[in-house]
Amino acid sequence: MLRTETLSCRLGRSLILGDVSARFAAGRFTALVGANGSGKSTLLRCLMGIVAPETGQVLLDDRPVAGMRRRALARRMSYLPQANVCPDHMTVGELVELAGFGRTGLFGSVSGAERETFRHALQTVGLEGAERQRVSQLSGGQRQRAFIAMVLAQDTPLLLMDEPVNHLDLRYQYAVLDLVRSLVTDHGKTLIMVLHDLNLALAYADDVVLLKEGRVLAQGQAREVLDAPRVAEGFGIETRMREIEGRTVCLPRGARMVDLP
Amino acid sequence: MRYAKVSGAALLLLLVAALGNLGIGASPIPLPEVLRALFSFDLDSLDHYVVLSQRLPRALIAIYVGAVLAAGGAVMQGVTGNPLASPSTLGVSAGAMLGMLLSVFVLDAALPMQGFGALSGGFAGFALTLAVARLTGLGPDPRGLPLILSGALTGMLLAGLAGALLLTDPERRAEYLGWLAGNINHYYVDRLALFWPFGLVSFAVLMALARPLTLIGLGRERAETMGVATRPVMRLALSAVVLGASSATAICGPVGFVGLVVPHLVRPFTGAHLGRLLPVSAMAGAALLLLSDVLARRAFMPFTLHTGVLLELVGGICFGVLVYRLYLRVEARR
Ligand SMILES: Nc1ncnc2c1ncn2[C@@H]1O[C@H](COP(=O)(O)OP(=O)(O)OP(=O)(O)O)[C@@H](O)[C@H]1O
Ligand SMILES: [Mg+2]
């Protein structure tokens, strides 16, 4: 299980995260939600140990992440950043293969099982047969899928993803979420995902951590955390929560919606 | 399979360039004669003597320098993500040049110590480039022109100092004037004999680090999360680049262009993975230097040009084209 203890973090001069104690239960899908600039990405980077907290710590199974070796960490946690860069001329196949570094290290060779993992990762995002294609020549959504495949190819028990379904068409939004959901349900993986769409969070996530201005406003089961008053407080918007087929959906309550016929 | 073809083609190109270099010189020597000189040397043949004592050393120097600089450029571009990074654009070559001259003109050092002079100079030049970039507040992003401008500034400064140093000793000046321009010449072969292990170590280190270095090309944070301790890897790799490039400068003076352009020429065929890019860049860089060496000697007959001067000329043009394509045109479009 991954958790933070009274974590605070400063970037430049300003305090970005203050006193964050969040728990991300093993074997569950936790959605990290909050307004733009509320510190979601920064929290993920702290969890990955690439941003050092000012106070507090990140604990992976009760061991501080700060003291762990990079490769050991890369075998346990993978991370999809919000923005991805890729050198010109790198191919999809190369990108995915690089994900094996944590396991093979400098001199290890790529095994057959490893290749199967890579192939499967590409298949999952619908990029099988695209190994030779340049990443820079893919569409925005295809590129995002290539990077998701890279994270899947890392094949770690814990996955941290920062807005992975951005740029994806609806089919692949659902496909990716279905996939990670099954990784959690069927394969016992732990998932932490930044999501902006509260409906997707309600549909796919077990738990929600709601951030506001660098602090945890609420955390717990998705349906309990995401009610209209909390959403109002966290995002400063009016919403309506409706039950459809036993599930909660969040609808806007703007005055400027299309008139009903 | 594709990579096998690409590296095979690069090897073939290298071979053709090498034989061409040996055969074409001030006076052409037919290919069979060149091969005979290499494999069954005849003491009485003047051609054989020329091939072995002059052209072969020159070719070996060209191969070494071309390979080391091209590999260095590929790594520097990969690690910084800056398409204009190379030993000559980031102050390494100029630093090594000044370090070498200092060891000769000030310390009167013997050849082995000159190598260390060049090496310390190379490190100092690179460090100075980074310091200039930091001091002038050019920002932490290594991808843009600011880093290259710092390199250019450093290069000019160090080259100016080197020029001034030459003036202090008119007698030795003539001897080093050619070297200063990048001169592939057979009488530098004793330097090659002394310094080649530097290049070998450099290349071996870079090849061993190819995977983590390629990952660093995806961004340092990204590489960290994929298991790369980026700080030691970058330090080691850049030190290896400086080691190789400084030894090249110690042998035949600063040679520009190769490190900058060869990786760009090769990447479309190999992809960006350094495990494939590095060996092919090295072979292509060697071939390029062999060919430009021939060109420098033949194109302006009866004059012969220093290879470094020719490359500087071509390199200046290519640099301009790259800057235009990678920065200016993009900005104009925005
Ligand atoms: N490198 C940095 N230096 C200084 N401040 C930063 C830096 N990176 C982010 N910030 C600030 O930290 C705050 C939180 O940023 P963060 O990227 O974590 O937000 P977020 O919740 O992921 O937002 P979004 O939904 O837009 O992705 C923002 O106010 C941002 O301006
Ligand atoms: Mg973010």
Side-chain angles (χ1 to χ4, degrees), chain A residues 41 44-45 47-51 65 68-110 131-136 146-147 150-151 153-154 156 158-162, chain B residues 1-3 6 74-75 77-83 85 140-143 204-233 236-237 263-277 280-281 322 325-326:
Chain A
S41 299
L44 279 200
R45 288 162 73 211
L47 293 175
M48 284 307 296
I50 46 184
V51 168
V65 159
M68 290 174 70
R69 296 177 66 93
R70 274 279 151 230
R71 266 189 64 204
L73 215 51
R75 285 194 291 266
R76 303 193 57 184
M77 304 163 69
S78 53
Y79 166 62
L80 179 74
Q82 186 169 359
N84 292 286
V85 289
C86 185
D88 287 349
H89 301 294
M90 180 155 289
T91 62
V92 173
E94 286 177 330
L95 190 70
V96 170
E97 255 191 62
L98 283 170
F101 179 72
R103 287 186 299 267
T104 49
L106 276 192
F107 302 107
S109 60
V110 180
E131 287 91 342
R132 290 274 175 80
Q133 281 198 39
R134 304 243 173 96
V135 178
S136 56
F147 282 107
M150 187 183 190
V151 168
Q154 208 173 331
T156 52
L158 244 133
L159 293 96
L160 281 66
M161 303 176 123
D162 200 341
Chain B
M1 287 322 95
R2 201 192 131 132
Y3 174 63
V6 169
V75 170
Q77 287 170 15
V79 165
T80 59
N82 194 316
D141 183 14
R143 280 164 205 273
V205 168
L206 295 178
M207 277 308 283
L209 294 178
R211 284 226 295 164
L213 286 172
T214 309
L215 272 164
I216 288 173
L218 298 171
R220 275 188 76 171
E221 285 197 353
R222 182 46 165 287
E224 289 274 338
T225 68
M226 310 211 73
V228 181
T230 57
R231 186 187 276 259
V233 166
L236 189 58
H264 288 285
L265 296 176
V266 168
R267 227 178 262 117
F269 302 102
T270 59
H273 196 300
L274 284 166
R276 289 179 276 271
L277 180 61
V280 177
S281 284
L322 277 173
R325 281 186 37 188
L326 296 165

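Since the structure is predicted, the reported quantities are computational estimates derived from the model, not experimental observations. A, B, ... follow the sequence lines: proteins, then strands. Residue 1 opens every chain.
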Could you go step by step and tell me if Arg222(B) and Val85(A) meet the side-chain contact (heavy atoms from CB on, under 4.5 Å) rule? CA-CA 9 Å; Arg222(B) 182 46 165 287; Val85(A) 289; over 6 Å; no
As an exercise, state the distance from [atom1] of [X] to [atom2] of [Y], rounded to the nearest 0.5 Å.
X: His89(A); Y: His273(B); atom1: NE2; atom2: NE2; value: 16.0 Å
X: Arg134(A); Y: Arg267(B); atom1: CZ; atom2: CZ; value: 10.5 Å
X: Glu221(B); Y: Ile50(A); atom1: CD; atom2: CD1; value: 4.0 Å

How far apart are the closest heavy atoms of Thr225(B) and Gln154(A), and which atoms are they? O-NE2, 3.3 Å
Give me the atom names and distance for the closest heavy-atom approach of Pro87(A) to Gly217(B).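 In terms of heavy atoms, the two residues are closest at CD-O, 3.7 Å.
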Pick one of side chain, backbone, both or neither for [X], based on which atoms fall under 4.5 Å of a heavy atom in chain B.
X: Leu98(A); result: both
X: Met90(A); result: both
X: Leu160(A); result: neither
X: Arg45(A); result: side chain

Could you go step by step and tell me if Leu218(B) and Met150(A) meet the side-chain contact (heavy atoms from CB on, under 4.5 Å) rule? CA-CA 12 Å; Leu218(B) 298 171; Met150(A) 187 183 190; 3.4 Å; yes
May I ask you to name which of Leu73(A), Thr104(A), Thr156(A), Val51(A) has the most heavy-atom pairs under 4.5 Å with chain B? Thr104(A)
Option in Gly49(A), Ser78(A), Cys86(A), Pro81(A) with maximal non-hydrogen atom pairs under 4.5 Å from chain B: Pro81(A)
What part of Arg220(B) gets within 4.5 angstrom of chain A, counting heavy atoms only: side chain, backbone, both, or neither? neither
Under 4.5 Å heavy-atom distance to chain A, tell me which part of Thr270(B) shows up: side chain, backbone, both or neither. backbone
Top contributor to chain A interface from Ala229(B), Gly219(B), Ala208(B) [non-hydrogen pairs under 4.5 Å]: Ala208(B)
Could you work out, with salt bridge (Lys or Arg N to Asp or Glu O under 4.0 Å) as the rule, every residue matching Glu97(A), not counting sequence neighbours? none
Under the rule for salt bridge (Lys or Arg N to Asp or Glu O under 4.0 Å), what residues qualify as partners of Arg71(A), not counting sequence neighbours?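 With sequence neighbours excluded, Arg71(A) shows a salt bridge (Lys or Arg N to Asp or Glu O under 4.0 Å) to no residue whatsoever.
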From CA spacing to verdict: side-chain contact (heavy atoms from CB on, under 4.5 Å), Arg211(B), Phe101(A): CA-CA 7 Å; Arg211(B) 284 226 295 164; Phe101(A) 179 72; 4.2 Å; yes
